[in-house]
Amino acid sequence: MSRAFLFLLLLSSLVVQAAPDSLSPVAADKLPKNPVEVWAGYDPAAEPLEVKVVREWDVTSNGHPVKLQLLTFKVGTFKGKDSRIAAYYAYPTDSKGRIPG
């Protein structure tokens, strides 16, 4: 490997490690008691969502075509790593899989 490549690899790892956490650890004596407390102080616009479609398929519901997606999205950074949530997303489509409108 060239020295320039090794330098860039080292530099990129330092940049990743230096990224500040947007999600704080929870103290054992202050565990949240409900969903409102879990998300208190969370800023959903602080970082990009970075949505990733894991799987996508078409179904019919009550005779109408529907697109289903299993996706993940980033909710923040914790201990230098992305924290992601998975979700199902469904929306009506026309017979060719496009959103009507």
Side-chain angles (χ1 to χ4, degrees):
M1 283 189 219
S2 72
R3 289 183 186 180
F5 177 76
L6 289 174
F7 175 75
L8 289 174
L9 185 63
L10 176 62
L11 183 63
S12 66
S13 68
L14 292 174
V15 170
V16 170
Q17 291 175 359
D21 287 351
S22 58
L23 302 173
S24 304
V26 177
D29 60 337
K30 296 183 180 181
L31 293 175
K33 296 177 181 61
N34 57 56
V36 173
E37 289 181 11
V38 169
W39 295 104
Y42 173 69
D43 179 6
E47 296 182 61
L49 287 176
E50 298 179 14
V51 177
K52 296 179 183 176
V53 177
V54 176
R55 182 174 173 224
E56 182 176 88
W57 63 102
D58 296 302
V59 297
T60 302
S61 176
N62 296 327
H64 301 286
V66 175
K67 176 77 71 183
L68 289 172
Q69 294 177 324
L70 171 60
L71 49 89
T72 65
F73 57 94
K74 184 176 174 180
V75 294
T77 305
F78 183 70
K79 294 186 177 180
K81 306 241 182 207
D82 288 354
S83 295
R84 302 185 70 79
I85 290 180
Y88 284 101
Y89 181 58
Y91 54 91
T93 61
D94 64 11
S95 60
K96 295 182 181 171
R98 298 176 301 205
I99 298 173

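Just so it is clear, the structure is predicted and the values come from calculations on it, not from any experiment. Note: hydrogens, waters and symmetry copies are ignored here, and every other heavy atom, side chains too, is used.
Under a 3.5 Å cut-off, the side chain of R84 and the backbone N or O of G76 do not form any donor-acceptor pair. Side-chain N or O atoms of E47 include one that pairs as donor or acceptor with a backbone N or O of T77 at under 3.5 Å.
Hydrophobic clustering of Ile, Leu, Val, Met, Phe, Trp and Tyr side chains at less than 4.5 Å, counting indirect connections, unites V66 with Y88. Note: the hydrophobic cluster containing V26 does not contain L23 (ILVMFWY, side chain heavy atoms under 4.5 Å, direct or indirect links). Both V51 and Y89 belong to a single network of hydrophobic side chains, linked directly or stepwise wherever heavy atoms of I, L, V, M, F, W or Y lie under 4.5 Å apart. In the hydrophobic clustering of this structure, I85 groups with L71; members are Ile, Leu, Val, Met, Phe, Trp, Tyr whose side-chain heavy atoms approach within less than 4.5 Å, directly or through other members.
The shortest distance between side-chain heavy atoms of R55 and Q69 does not fall below 4.5 Å.
Listed here is the closest heavy atom pair of F73 and A87: CE2-CB, 4.0 Å. Nearest heavy atom pair, residue E37 against residue L31, reads OE1-O, 4.3 Å.
W39 and Y42 have perpendicular rings, their planes meeting at more than 60° on a 0 to 90° scale where under 30° would count as parallel.
Of the residues listed (V54, V53, D82, L49), the one engaging T72 in a side chain to side chain contact (heavy atoms under 4.5 Å, CB included) is V54, and it is the only one.
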